[in-house]
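A short worksheet on the structure shown next.
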2 protein chains.
Amino acid sequence: MQEPTFLILTALAAAPLHGYGIVQSVLGLSEGEVKLRPGTLYGALDRLAEQGLVEVEREEAVEGRLRRYYRLTDQGAAALSTEVRRLRRRATAAETQLNDRHGIVPGLGTA
Amino acid sequence: MQEPTFLILTALAAAPLHGYGIVQSVLGLSEGEVKLRPGTLYGALDRLAEQGLVEVEREEAVEGRLRRYYRLTDQGAAALSTEVRRLRRRATAAETQLNDRHGIVPGLGTA
DNA sequence: TCGGATAGTACGGTTGACGTTATATGACGT
DNA sequence: ACGTCATATAACGTCAACCGTACTATCCGA
């Protein structure tokens, strides 16, 4: 799972949002680092809906504009939790390896 | 940065390794989850070398077979550290959002 | 009136991972 | 002798996902 997808699921975890709301939420969650483009957002949303990780909660027409609200499914929440654990394991593994950097020089022992 | 790339950098963080050694290391680091295919591995290695995140340490000929050892550069170590911090922030953000799930029902207050 | 925020659709391009095949040698089993 | 597995790298083609941009449309503020 890539970052944009992960952040979209994260945004929907707390409450259902419509497309533009997701963009705002992700912007906040990523501390301004990730501003979703329409192509990324709606492409991911279609994909995630097909996979059953999100679903359309309702459609609203506000001032002639359509608002489609998406909700995280239980399956989506489970997938997100799994991904969180994976990220944590990866981060820990990398840190351990980095701590070995410039580590034990072979042949010099403790003399 | 995607998972295979991240794991390759992680594998090289502790010590230089050649291609096949990276495959074994990543297999261990990912608890058997990620088995790198040649296409993924050498493609990533070429890309990372171009970006200056890894470099060829030395080439060895063992029994007629070439062994090319790759080393993580300082720039590569920095990139990996940055990515570790990012993963940790993403994991924390997602967990916070998940904790709000089935959260406060609007309109019911504390009555 | 022009720009920016809101809201979604459509389309083409690029990147990076994926899968498979090819090449080559040594070890091991049958 | 032959097949298979492990080691080791190269070289394809394919696909998923993200990216950028343009388009449509409405409302608001400068």
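Not measured: the values here are computed from a predicted model. Lettering follows sequence order; numbering is per chain, from 1.
- Rounded to whole Å, the distance from OH on B:Tyr20 to P on C:dT25 is 18 Å.
- In this model, the phosphate group of C:dC18 is not approached by any side-chain N or O of B:Gln2 to a distance below 4.0 Å at OP1 or OP2.
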side-chain contact (heavy atoms from CB on, under 4.5 Å) between B:Arg89 and A:Glu33: does it pass, once the steps are laid out? CA-CA 12 Å; B:Arg89 284 202 308 272; A:Glu33 280 175 31; 2.8 Å; yes

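- Put simply, CZ on A:Arg68 is 14 Å from P on C:dA7, counting in whole angstrom units.
- In this structure, B:His18 does not reach the D:dT9 phosphate: none of its side-chain N or O atoms is under 4.0 Å from OP1 or OP2.
- Among the heavy atoms of the strands, none lies under 4.0 Å from A:Gly43.
- Nucleic acid contact class of B:Pro4 (heavy atoms, under 4.0 Å, all strands): sugar-phosphate only.
- In this structure, CG of A:Leu17 is placed 14 Å from C1' of C:dA7, rounded to the nearest angstrom.
- The shortest distance between the side-chain N/O atoms of A:Arg47 and the OP1/OP2 oxygens of D:dA17 is below 4.0 Å.
- Rounding to whole angstrom units, CG of residue A:Leu53 and P of D:dA17 are separated by 11 Å.
- The minimum heavy-atom distance linking B:Phe6 with B:Leu80 is given by the pair CE1-CD1, 3.5 Å.
- Salt-bridge check for B:Glu83 with B:Arg86: passed, with a basic side-chain N closer than 4.0 Å to an acidic carboxylate O.
- One atom, CG of B:Leu27, and another, C1' of D:dA8, lie 16 Å apart when rounded to the nearest Å.
- Of the two residues contacting DNA chain C, namely B:Gly39 and A:Val62, the nearest-nucleotide position lying further toward the 5' end is that of A:Val62.
- The 12-atom threshold is not exceeded at CD of A:Glu50, counting heavy atoms of other residues, nucleotides or ligands nearer than 6.0 Å.
- Counting non-hydrogen atoms under 4.0 angstrom, A:Glu59 reaches nothing in the nucleic acid.
- The distance from atom CD of A:Glu60 to atom C1' of D:dT26 is 16 Å, rounded to the nearest whole Å.
- Neither OP1 nor OP2 of C:dT21 sits under 4.0 Å from any side-chain N or O of B:Arg37.
- Side-chain N/O atoms of B:Thr5 include one lying less than 4.0 angstrom from OP1 or OP2 on C:dA17.
- Contact annotation: B:Tyr42 does not reach the phosphate of D:dA10 (side-chain N/O to OP1 or OP2, under 4.0 Å).
- Rounded to whole Å, the distance from CG on B:Leu36 to C1' on D:dT7 is 15 Å.
- We find that CG of A:Leu41 is positioned 15 Å from P of D:dA17, with the value rounded to whole Å.
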